[in-house]
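Throughout, residue positions are numbered sequentially from 1 according to the sequence presented.
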Amino acid sequence: MYPVIRLFWQLWRHRNDPPLPVTGTHVSHHTCLPWDIDLWRELNNGRTLTLYDLGRIPLAGRTGLITVLRRERWGLTMAGASVRYRRRVRMFDRIEMRSRLLSWDARFMYLEQSMWRRDGECANHILYRAAVTGRDGIVPPADVLDALGHPGLAAPPLPGWVRAWIEADAARPWPPMQDPIEE
């Protein structure tokens with residue numbers, strides 16, 4: 001089940017936080033609850049992606065994006081993700097989540113988020129490709145930035161690892177090939 005109450009708690013908790021610049025970092029804190037774990041008593045990999053919403057949506061609020069989405073009647077969608085899991089998050093562990101927009105290109109915005117354990121270890125890290133959508137499809141990030149009050153804002157250079165991911169993902173076949181199953 002989607003953690004609606006936790007999402008509303010995060011939105012309420014950060015409602016008076018100062019606005020962030022477009023590429024500012026939103027920091028939030030979360031606890032791994034019993035319904036977040038898998039059979040191995042650690043944070044479920046799918047639930048990790050859902051919990052990342054709890055950092056990304058308040059980030060959108062603090063940068064002004066939610067206001068723009070409502071005003072323009074736009075939506076927000078994820079168009080790709082790459083995640084690394086490196087350290088376990090166990091039940092009742094408290095984590096710090098860091099969320100930020102890295103950069104954008106002509107079609108997409110690239111965000112990164114990470115979860116950090118109390119011992120200072122990064123538990124996991126995700127790179128997202130996101131798109132703002134409107135009635136006619138994808139809204140160019142330049143138009144989104146204009147609506148945010150940042151006309152002509154130059155995109156920060158994409159880190160090499162992000163460019164490599166974009167290139168590798170572009171080479172991936174779509175739709176996926178389906179080899180016949182041999183009997």
Side-chain angles (χ1 to χ4, degrees), residues 1-17 20 22-70 73-104 107-134 138-139 141 144 161-162 165-166 168-169 172 174 176:
M1 178 183 280
Y2 193 82
V4 174
I5 293 170
R6 290 161 87 176
L7 175 61
F8 285 136
W9 163 248
Q10 286 298 314
L11 290 169
W12 185 83
R13 162 69 184 83
H14 296 285
R15 74 191 183 287
N16 294 323
D17 286 359
L20 284 172
V22 172
T23 58
T25 300
H26 173 70
V27 177
S28 56
H29 296 89
H30 309 271
T31 302
C32 180
L33 297 175
W35 39 88
D36 298 330
I37 63 169
D38 58 21
L39 296 174
W40 295 269
R41 298 179 314 277
E42 62 186 56
L43 180 59
N44 175 278
N45 63 311
R47 189 60 160 194
T48 300
L49 301 181
T50 301
L51 293 180
Y52 272 131
D53 285 354
L54 305 182
R56 207 170 46 254
I57 294 171
L59 169 68
R62 292 184 64 196
T63 60
L65 182 60
I66 290 177
T67 301
V68 167
L69 295 175
R70 286 182 179 149
R73 301 177 123 185
W74 290 338
L76 187 60
T77 189
M78 292 300 146
S82 176
V83 64
R84 277 187 167 179
Y85 299 97
R86 290 296 183 262
R87 298 287 180 262
R88 290 186 168 135
V89 176
R90 302 257 186 208
M91 189 166 41
F92 300 118
D93 281 356
R94 188 144 166 81
I95 57 101
E96 177 179 282
M97 185 183 300
R98 301 174 192 166
S99 309
R100 71 178 179 148
L101 172 66
L102 286 171
S103 191
W104 54 90
R107 295 187 70 205
F108 299 110
M109 296 176 291
Y110 299 93
L111 299 102
E112 75 170 334
Q113 292 182 274
S114 54
M115 291 185 189
W116 297 79
R117 300 183 329 175
R118 283 190 177 203
D119 63 6
E121 292 276 347
C122 184
N124 52 64
H125 177 254
I126 191 163
L127 170 66
Y128 281 108
R129 175 189 299 117
V132 172
T133 58
I138 292 177
V139 178
V144 176
W161 63 274
V162 176
W165 176 73
I166 293 167
D169 199 58
R172 185 177 174 180
W174 191 261

- Message: What I'd like to find out is whether the side chain of Tyr2 reaches to under 4.5 Å of the side chain of Leu7, using heavy atoms alone.
- Response: yes
- Item | Ile37 vs Cys32 side-chain heavy atoms within contact, under 4.5 Å | yes
- Query: Do Arg94 and Arg118 come within less than 4.5 Å of each other through their side chains, counting heavy atoms only?
  - Reply: yes
- Compare every heavy atom of Leu43 with every heavy atom of Leu51, then report the nearest pair and how far apart it is. CD1-CD1, 3.7 Å
- Query: Which atoms form the tightest heavy-atom contact between Gly134 and Trp74, and what is the distance?
  - Reply: CA-CD1, 3.8 Å
- Nearest heavy atoms of Asp38 and Asn44, plus distance in Å: CB-ND2, 3.8 Å
- Message: Can you tell me how far apart CG (Leu111) and OG (Ser103) are? Round to the nearest 0.5 Å.
- Response: 10.5 Å
- Query: Could you give the distance from CZ (Phe108) to CD1 (Ile166), rounded to the nearest 0.5 Å?
  - Reply: 9.5 Å
- Run the numbers on His125 and Glu112 for side-chain contact (heavy atoms from CB on, under 4.5 Å), then give the verdict. CA-CA 7 Å; His125 177 254; Glu112 75 170 334; 2.6 Å; yes
- Message: Tell me the closest heavy-atom pair linking Trp35 and Arg6, and the distance in Å.
- Response: NE1-NH1, 3.7 Å
- Query: Taking side chain as C-beta onward, heavy atoms only, is Trp104 less than 4.5 Å from Val144?
  - Reply: no
- Note on the structure: Closest non-hydrogen atoms of Ser28 and Gly55, given as atom of the first, atom of the second and distance, are OG-CA, 4.1 Å
- Query: Are Leu76 and Arg56 side-chain neighbours, meaning at least one heavy-atom pair lies under 4.5 Å?
  - Reply: no
- Message: Ignoring hydrogens, what is the shortest heavy-atom contact between Val132 and Met109? Give both atom names and the distance.
- Response: CG2-CE, 3.5 Å
- Task: Tell me, with the steps shown, if Val22 and Leu101 meet side-chain contact (heavy atoms from CB on, under 4.5 Å).
- Result: CA-CA 7 Å; Val22 172; Leu101 172 66; 3.3 Å; yes
- Which is it for Val27 and Glu96 under the side-chain contact (heavy atoms from CB on, under 4.5 Å) test, yes or no, and what are the steps along the way? CA-CA 7 Å; Val27 177; Glu96 177 179 282; 3.6 Å; yes
- Query: Would a 4.5 Å heavy-atom cut-off, applied to side chains only, mark Pro3 and Thr50 as touching?
  - Reply: yes
- Message: Distance check, rounded to the nearest 0.5 Å: Gln113 atom CD versus Ile126 atom CD1?
- Response: 7.0 Å
- 4.5 Å side-chain heavy-atom contact, Tyr128 and Leu102: no
- Is it true that atom CH2 of Trp161 has more than 12 heavy atoms of other residues, nucleotides or ligands lying nearer than 6.0 Å? yes
- Would you give the length of the straight line joining atom CZ of Arg98 to atom CG of Leu59, rounded to the nearest 0.5 angstrom? 14.5 Å
- Enter the distance from Leu54:CG to Phe8:CZ here, rounded to the nearest 0.5 Å. 11.5 Å
- Message: Counting C-beta onward and ignoring hydrogens, is there a side-chain heavy-atom pair between Ile57 and Ile66 closer than 4.5 Å?
- Response: yes
Compile the donor-acceptor pairs under 3.5 Å between side chains in residues 81-89 and protein atoms, sequence neighbours left out, one pair per line.
residue	atom	partner	partner atom	Å
Tyr85	OH	Asn45	O	3.0
Arg87	NE	Glu121	OE1	3.2
Arg88	NE	Glu42	OE1	2.6

- Item | Asp119: side chain to side chain donor-acceptor pair (under 3.5 Å) partners, not counting sequence neighbours | Arg117
- Message: Between Arg13 and Gln10 (side chain of the first, backbone of the second, donor and acceptor by atom type, cut-off under 3.5 Å), is there such a pair?
- Response: no
- Value rounded to 0.5 Å, distance of CE in Met97 from CG in Asp53: 9.0 Å
- Quick check: are there more than 12 heavy atoms from other residues, nucleotides or ligands sitting under 6.0 Å from CZ of Arg15? yes
